[in-house]
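What follows is a short report on a single structure.
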There are 2 protein chains.
Amino acid sequence: MEYNEAKDKFISTWGSLGTLWGINKAMAQIQALLFISTKSLTMEEIMEALKISRGNTSMNLRQLIDWGIVTKELVAGERKEYFATEKDVQELARHIAKERSRREIKPVIKVLKEVSSIQPDGTAKTKELIKQTKALHELAESADTILNKMVNKEQNWLSKSLLKLLK
Amino acid sequence: MEYNEAKDKFISTWGSLGTLWGINKAMAQIQALLFISTKSLTMEEIMEALKISRGNTSMNLRQLIDWGIVTKELVAGERKEYFATEKDVQELARHIAKERSRREIKPVIKVLKEVSSIQPDGTAKTKELIKQTKALHELAESADTILNKMVNKEQNWLSKSLLKLLK
DNA sequence: ATAAACTTTCAATAATTATTGAAAGTTTAA
DNA sequence: TTAAACTTTCAATAATTATTGAAAGTTTAT
């Protein structure tokens, strides 16, 4: 397998993985492209490399910036903008974990807390609802705590300490 | 908030969470419904409770069974089938983690391994592709190993040991 | 102030994914 | 073997989500 084949394979696999996890294809592919690029890219270069429109590129770059995993670079004397992604995988994982926690896990925890806090009314179904949503609430809080601890740990914590622990 | 409001809130929140993570709404809602039900339900009851069609219910129940989180129960003397979900949250998390690893993480690891194993050709771009996909490969393997260790541990391992460790 | 070089927005359209419902299939009882 | 009671399948359709492209917006240089 030579460079171009490998590159395309990586970008398209990353794109489908994104889709599978609720992230859109273009967004995932732009990030993949930047991740293996040796330099920052302009919007024009991204459009060209992925064969996507200007609008699509612009909107998805914005989302990546919102997620905190892509940054805009301004080159002195150049009017156009350059884009780069976080190159360190640990740092990348940390950003993604942090954002997913904030956007998705936290709101669900809130609902689980509300639902599991309703007044028991003596019926079995209410008792079951409270019991089950309480269990889910506890699990979600644990998972979220772990995720957030990971986010705040020093480099390499995930792969080193935890993997060793789990032997 | 009384029972029905809480129940609807839980089911619909679970449905949107599913959507956000690439699981379809009906599938997530059927699982949610079964999760808080005090008894096994028939297809008819699920259709009625969630206002979805017979075909939709049938297909999504099959998927849930494929995932290993719903089981079909046959009641002696009754022709229709009853469905129940895993009620233990730890067990549920374990099933889901196992399946997601098998279906999604493993195949990506395979591609990352292939891509990161291409022959260096002396160019900077090939070097970068290899370096970055290798880092991703290692991260993905670590994450997958952790997930699978969790899957094989005794009850409560996740919430107790790990949470304590992370204090 | 104007124009060139760029980026953003957003209504229209395309692509994808979910859902329906009715026909076909299966199982059991008589 | 027939029919009733169920479940599954799948082509058609609906709903959702992604993408385009051109107009509007912004910034900088002159």
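Chain naming here is simple, since letters A, B, ... match the order of the sequence lines and numbering starts at 1 in each.
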I want to check one thing: is the phosphate of C:dT17, taken as OP1 and OP2, less than 4.0 Å away from some side-chain N or O of A:K25?
no

For B:L61 and D:dC6, what is the distance between atoms CG and P respectively, to the nearest whole Å?
16 Å

What I want to check is whether an N or O donor and acceptor connect the side chain of A:R79 with the base of C:dA4 at under 3.5 Å.
yes

Within the supplied structure, the quantity of interest is the number of heavy atoms (other residues, nucleotides, ligands) at a distance under 6.0 Å from B:K134 NZ; does it exceed 12?
no

Distance check needed: C:dC6 C1' versus A:I46 CD1, whole Å only.
14 Å

Looking at D:dT19, I'd like to know if its phosphate oxygens (OP1 or OP2) sit under 4.0 Å from a side-chain N or O belonging to A:N24.
yes

Residue pair B:N56/B:K80 against DNA chain D: nearer the 5' end by closest nucleotide is B:K80

Of A:E44 and B:A26, the one whose closest DNA chain C nucleotide lies more 5':
A:E44

Can you measure B:M43 atom CE to C:dG21 atom P for me and round it to whole angstrom units?
14 Å

What nucleotide, of C:dT7, C:dA18, D:dT8, holds the atom closest to the side chain of B:K72?
D:dT8

B:E78 has an atom CD; how far is it from atom P of C:dT28, in whole Å?
14 Å

Using purine N1 to pyrimidine N3 plus N6-O4 or O6-N4 for Watson-Crick, or N1-O2 and O6-N3 for G-U wobble, each under 3.5 Å, what pairs with D:dA14?
C:dT17

Between B:L74 (CG) and C:dT26 (C1'), how many Å, whole number?
14 Å

Which nucleotide sits closest to the side chain of A:E81: C:dT7, C:dT19, D:dA29?
C:dT7

Any side-chain donor paired with an acceptor under 3.5 Å for A:W21 and B:E104?
yes

Would you tell me if any nitrogen or oxygen in the side chain of B:R62 comes within less than 4.0 Å of OP1 or OP2 on D:dT7?
no

For atom CG of B:L50 and atom C1' of C:dT20, their distance in whole Å
15 Å

Consider the side chain of B:S58, meaning its heavy atoms from C-beta on, and name the nucleotide among D:dA18, D:dT8, C:dC10 that approaches it most closely.
D:dT8

Shortest side-chain distance from B:R54, nucleotide among C:dT8, D:dT7, D:dA18
D:dT7

Check for a donor-acceptor pair, side chain of A:T85 on one end and backbone N or O of A:F35 on the other, with a separation under 3.5 Å.
no

Give the nucleotide from the list C:dT20, D:dT19, D:dT7 with an atom nearest to the side chain of A:S53.
D:dT19

Let me know the distance between CE of B:M47 and P of D:dC6, rounded to the nearest Å.
13 Å

Answer yes or no: are there more than 12 heavy-atom neighbours, outside B:K113 itself, under 6.0 Å from its atom NZ?
no

Between C:dT17 (C1') and B:I23 (CD1): distance, integer Å
15 Å

Check whether B:S116 reaches the backbone of B:L112 with its side chain - one donor and one acceptor, N or O, closer than 3.5 Å.
yes

Applying a 3.5 Å limit to both distances, which nucleotide forms a Watson-Crick or G-U wobble pair with D:dA22?
C:dT9

